[in-house]
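Here is the structure we will look at.
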Amino acid sequence: MADEFKFSWAYLGDVKLGRENLGENMPVFVYRLFEYTMREAISNRFGNEVSVDLLRDAGRIAGSNLYEHFLSDIKDESECLAAFQKLLADTKIGILRIESIDDDGRIVVTVSEDLDCSGLPVTGETVCFYDEGFIAGVLTGLYKKEYTAEEIDCWAKGDRVCRFIAKVKDPE
Ligand SMILES: [Zn+2]
């Protein structure tokens with residue numbers, strides 16, 4: 001086995017070719033089954049905190065690759081955000097709304113009908129760590145500054161939408 005695995009868009013394959021009868025879509029629970037069993041597997045081996053970190057890292061890799069694949073040709077920032085919003089709706093990931101963009105780069109967004117959490121049992125804790133990384137990855141690509149995102153409201157916390165605060169990462 002190679003020492004390293006690096007994701008590339010090519011790994012997603014030609015779904016149309018490979019699934020000529022079953023097609024490109026599948027139920028949301030399949031995605032969630034993958035996500036939350038993966039979290040348990042990581043948690044069993046490395047602890048819950050690492051599971052959260054790794055989901056966030058994976059989301060960031062997804063977000064930056066998605067930006068490169070679909071959005072990086074759009075140079076205008078607001079056009080790019082609009083295209084991101086449309087992409088999330090078209091692919092049924094969720095309904096993104098931009099609540100505010102401050103001069104210091106702080107951005108507040110909401111996602112409703114979120115792929116990861118809408119309809120989950122309310123546990124009082126946020127669960128969209130993958131989305132935190134995903135949003136940060138896209139914004140990092142768009143603004144060419146490293147972003148972090150934190151989910152403050154989540155269906156699993158009892159809210160109707162997920163709300164994320166994204167900020168330019170503090171220089172260390
Ligand atoms: Zn959430």
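Note that the structure is a prediction, hence the values are computed from the model and not measured. All ligand and atom numbering here is 1-based and tracks the order in the structure.
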Can any side-chain N or O of Asp102 pair as donor or acceptor with the backbone N or O of Gly105 at less than 3.5 Å?
no
Taken by chain and residue number, the protein N/O/S atoms under 2.8 Å from the Zn ion (ligand 1) read Cys117 SG, Cys128 SG, Glu151 OE2, Cys154 SG, Cys162 SG
Spatial distance of atom CZ (Arg56) from atom CD1 (Ile135) [nearest 0.5 Å]
12.0 Å
With a sphere of 6.0 Å drawn around NZ of Lys75, does it hold more than 12 non-hydrogen atoms of other residues, nucleotides or ligands?
yes
Quick one: salt bridge (Lys or Arg N to Asp or Glu O under 4.0 Å) pairs with a partner in residues 148-167, sequence neighbours left out?
Glu99-Arg163, Asp153-Arg163
For Ser51 and Asp53, test the side chains for any donor-to-acceptor distance below 3.5 angstrom and give the result as yes or no.
no
Could you tell me if the side chain of Cys154 sits less than 4.5 Å from the side chain of Val127, heavy atoms only?
yes
